[in-house]
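All chains are named by letter (A, B, ...) in the order of the sequence lines, taking the proteins before the strands, and each is independently numbered beginning at 1.
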Amino acid sequence: MRLSELLAPTLREVPAEAEVISHILMLRAGMIRKVASGVYTYLPLGYRVIKKVIEIIREEMDNKGGQELMLPIIQPAELWLESGRWNVYGDELFRLRDRHGRDFALGPTHEEIITDLVRNEVRSYKQLPLLLYQIQNKYRDERRPRFGLMRGREFIMQDLYSFDRDEAGLELSYRKMYEAYSRVFSRCGLKFRVVEADPGAIGGSSTHEFMVMADSGEAAIVFCESCEYAANVEKAEAVVDEQTSAEEMLAWEEVSTPGARSIEEVSSFLKVDPQRIIKSLVYQTEDGIVLALVRGDREINEVKLQNVLDSLRLFMADERSVAELTGAEPGFAGPVNIKGVRVIADQEVMLMRNAVTGANKTDTHIINVNPGRDFIPDKVADIRLVKAGDPCPRCRGKLSEARGIEVGQVFKLGTKYSKALGAKFLDENGKEQLMVMGCYGIGVSRTVAAAIEQNHDDDGIIWPMPIAPYHAVIIPVSAKDKDQMKIAESLYISLTAQGVEAVIDDRNERPGVKFKDADLIGFPLRIVIGSKAVEEGVVEIRHRRNGNVQTAKIESAVPLIKKIVEDEIAESLA
RNA sequence: CGGGGUAUAGCGCAGUUUGGUAGCGCGUUCGGUUCGGGACCGAAAGGCCGCAGGUUCAAAUCCUGUUACCCCGACCA
């Protein structure tokens with residue numbers, strides 16, 4: 001490719017719309033342009049990277065016996081009604097209606113479609129297992145699209161669905177995909193961690209997320225410094241190490257705490273540790289009000305709470321509901337003598353002795369409250385948010401916190417969708433069985449963004465070789481110098497013939513402009529043809545990542561470059 | 001969905017307070033001089049001032065409505 005002909009409109013200035021580095025650099029490097037919020041056009045360079053990632057995924061899926069197919073983006077409402085998700089999915093589902101008034105959705109995911117296919121076409125255990133995958137656009141009407149390709153409303157995704165006869169088969173499929181995904185991300189040059197995660201609304205039992213470590217990541221994870229444990233904070237299990245204190249239970253009494261609503265205020269007003277205060281949070285669910293209790297120095301984990309309650313919608317109650325429930329202003333709710341709500345206590349709360357809680361009376365708290373004696377929760381569970389410094393649930397080592405970009409997730413779905421949609425087969429005994437499903441997804445466009453988050457410097461992108469749009473850029477210092485151009489052209493032809501993906505910067509620009517653009521776009525290798533090439537027959541090979549420069553005789557440049565490219569690609573597989 | 005902000009040339013911005021008919025830098029085009037890290041000189045093209053209504057002799061500027069986009073939060077297979 002000649003840069004004089006390539007549509008790669010680079011920008012000197014940072015576009016006002018972009019905030020995170022991957023978004024800024026993709027815009028500046030002329031790889032993407034925004035069409036609407038969360039909707040982007042991929043320009044030639046950007047699309048080449050996407051295709052590289054897709055090809056890597058394809059190879060790994062095919063290696064594990066995956067079969068690629070293409071599913072429709074437009075999906076009839078009937079299937080979504082059948083699975084029950086037409087109503088559950090909410091505003092995030094893009095909906096549309098055809099001229100006959102029939103409802104459709106733009107697919108945010110394809111469980112319904114694929115299960116429909118398989119239930120119609122697969123009848124026998126002899127046809128299982130099946131690993132079916134596709135790579136295409138998906139649609140989610142995100143409330144708040146952001147960060148460029150990181151959270152779009154239209155995005156490219158690979159998803160694979162596994163159909164097995166039983167749990168053991170699912171386990172095998174799951175492990176295959178876990179391995180395949182790990183290889184995909186390694187090959188993309190990403191530093192990632194696999195973490196235990198919460199299955200969320202998609203349902204199912206076990207699930208792991210593939211997290212690319214980056215400070216700009218939207219997900220918080222914890223990992224153990226001593227063992228292999230790593231989890232999304234939504235999922236991370238809290239460990240209760242402390243014993244019930246031997247402290248004698250005192251009689252509870254109300255105390256006046258004017259204006260003290262928050263834990264800090266109560267703590268300083270009564271001169272007690274936050275650890276001795278029970279934090280009472282009022283939540284609204286579709287099944288009524290819930291009072292959730294955690295220790296004063298802890299944060300609640302709403303995902304855990306939601307799971308404990310088996311609730312579809314959970315949010316903090318507004319002031320009015322709190323007042324109605326407690327008869328007091330917010331800030332004074334407590335579990336003692338409260339009626340008409342479910343009380344869910346964190347396991348740690350049950351160990352507290354002579355604690356402080358709100359009295360359900362404005363400006364009043366109760367001291368010497370003893371869980372079990374003064375109130376009995378409807379349920380005791382782990383509902384607190386784990387944080388750095390907490391003990392590891394596996395080995396009691398110390399947990400650290402980090403941020404990550406979720407680029408992939410693997411789920412064991414079980415029979416949720418096969419049951420809802422009736423995907424069955426006949427086993428050896430002629431008995432009808434439900435297929436056991438798994439689903440696995442990679443955010444392709446997001447993976448590209450994540451790769452940039454991890455691979456850039458002040459000058460621009462530093463593509464890992466396997467996903468670089470081109471392996472090398474050839475820069476003749478002066479496009480007007482016939483000798484330089486001749487060397488550059490012949491090098492370009494030889495490299496291309498040898499399978500090295502190269503571009504030649506034949507633009508009539510000053511060298512500074514070419515170097516700046518080369519750095520910005522992030523070609524892993526830069527081959528400069530200057531006066532030395534003409535006079536001494538040597539070219540300069542510069543590595544984008546570390547700035548190292550090596551020189552080579554023109555004759556030996558092609559095999560040398562080819563070797564560097566091959567070595568770096570091979571390295572990603574190691 | 002709640003809070004905040006922005007909308008003026010391809011990009012980044014000024015002009016809006018105090019109405020008088022639109023400007024700067026970069027980029028683009030043409031000519032020339034340059035040529036190893038975003039050159040210089042000269043000329044030029046390019047603007048429903050987000051959109052709709054209103055006030056006024058006159059609106060980018062004031063008023064009303066509306067849309068889009070960005071940020072924080074909530075939410076998120």
Would you check if the side chain of A:Asn137 reaches a backbone N or O of A:Glu154 as a donor-acceptor pair within less than 3.5 Å?
-> no

So, A:Lys532 side chain and A:Val539 main chain: donor-acceptor pair closer than 3.5 Å or not?
-> no

Report yes or no: do A:Gln409 and A:Thr207 form a side-chain donor-acceptor pair below 3.5 Å?
-> yes

When you check every protein heavy atom under 4.0 Å of nucleotides 2-8 of chain B, what one-letter string (B, S, -) results, 5' to 3'?
-> -------

Tell me: [atom1] of [X] to [atom2] of [N], nearest whole Å?
X: A:Lys480; N: B:U34; atom1: NZ; atom2: C1'; result: 8 Å
X: A:Phe315; N: B:C1; atom1: CZ; atom2: P; result: 15 Å
X: A:Arg151; N: B:A74; atom1: CZ; atom2: P; result: 12 Å
X: A:Leu305; N: B:C75; atom1: CG; atom2: P; result: 12 Å
X: A:Ile529; N: B:C35; atom1: CD1; atom2: P; result: 20 Å
X: A:Arg510; N: B:C41; atom1: CZ; atom2: P; result: 13 Å
X: A:Glu13; N: B:C24; atom1: CD; atom2: C1'; result: 12 Å
X: A:Arg507; N: B:U28; atom1: CZ; atom2: C1'; result: 14 Å

Base-pairing mate for [N] - Watson-Crick or G-U, with both contacts under 3.5 Å:
N: B:G36; answer: none
N: B:C1; answer: B:G73
N: B:U21; answer: none
N: B:A52; answer: B:U64
N: B:C30; answer: B:G42

Candidate list [options], test side chain to side chain contact (heavy atoms under 4.5 Å, CB included), partner [X], passing option:
X: A:Tyr283; options: A:Ile300, A:Val341, A:Ile289; value: A:Ile300
X: A:Glu406; options: A:Met150, A:Arg446, A:Glu218; value: A:Arg446
X: A:Leu314; options: A:Asn307, A:Leu305, A:Val290; value: A:Leu305

What distance separates A:Ile462 CD1 from A:Asn546 CG, expressed to the nearest 0.5 Å?
-> 9.0 Å

Measure the NE2-CD1 distance between A:His110 and A:Ile73 for me, rounded to the nearest 0.5 Å.
-> 6.5 Å

Under 4.0 angstrom, heavy atoms only, what part of the nucleic acid is [X] near: base, sugar-phosphate, or nothing?
X: A:Glu540; result: base
X: A:Asp481; result: nothing
X: A:Glu234; result: nothing
X: A:Val528; result: base
X: A:Pro15; result: sugar-phosphate
X: A:Asp517; result: base
X: A:Arg33; result: nothing

Out of [options], which has the shortest distance to the side chain of [X]?
X: A:Arg542; options: B:C71, B:A74, B:G37; result: B:G37
X: A:Leu520; options: B:G37, B:C76, B:G38; result: B:G38
X: A:Ala16; options: B:G12, B:G38, B:C75; result: B:G12
X: A:Lys516; options: B:G38, B:G36, B:C69; result: B:G38

Please figure out whether A:Arg526 or A:Glu302 has its closest RNA chain B nucleotide nearer the 5' end.
-> A:Arg526

Closer to the 5' end of RNA chain B via nearest nucleotide, is it A:Val20 or A:Phe155?
-> A:Val20

Which atoms form the tightest heavy-atom contact between A:Ile541 and A:Ala552, and what is the distance?
-> CD1-CB, 4.2 Å

Determine the minimum heavy-atom distance between A:Ala8 and A:Ala29, stating which atoms define it.
-> CB-O, 4.5 Å

Which whole number of Å gives the distance between the [atom1] atom of [N] and that of [M]?
N: B:A22; M: B:G3; atom1: P; answer: 38 Å
N: B:A7; M: B:C62; atom1: P; answer: 12 Å
N: B:A68; M: B:C57; atom1: P; answer: 35 Å
N: B:C24; M: B:G46; atom1: P; answer: 15 Å
N: B:A52; M: B:G12; atom1: P; answer: 23 Å
N: B:U55; M: B:U61; atom1: P; answer: 15 Å
N: B:C76; M: B:C1; atom1: C1'; answer: 14 Å
N: B:A14; M: B:C49; atom1: C1'; answer: 13 Å

Within 6.0 angstrom of A:Asp103 CG, more than 12 heavy atoms from elsewhere = yes

Can you tell me if CG on A:Leu81 sees more than 12 non-hydrogen neighbours from other groups inside 6.0 Å?
-> yes

Is the base of B:G38 touched by the side chain of A:Arg28 through a donor-acceptor pair closer than 3.5 angstrom?
-> yes

Polar pairs (N or O, both sides) under 3.5 Å between protein and nucleotides 66-68 of chain B?
none

Answer yes or no: does a side-chain N or O of A:Arg12 lie under 4.0 Å from OP1 or OP2 of B:G27?
-> yes

Over 60° means perpendicular and under 30° means parallel, so classify the ring planes of A:Phe523 and A:Tyr470, tilted if in between.
-> tilted

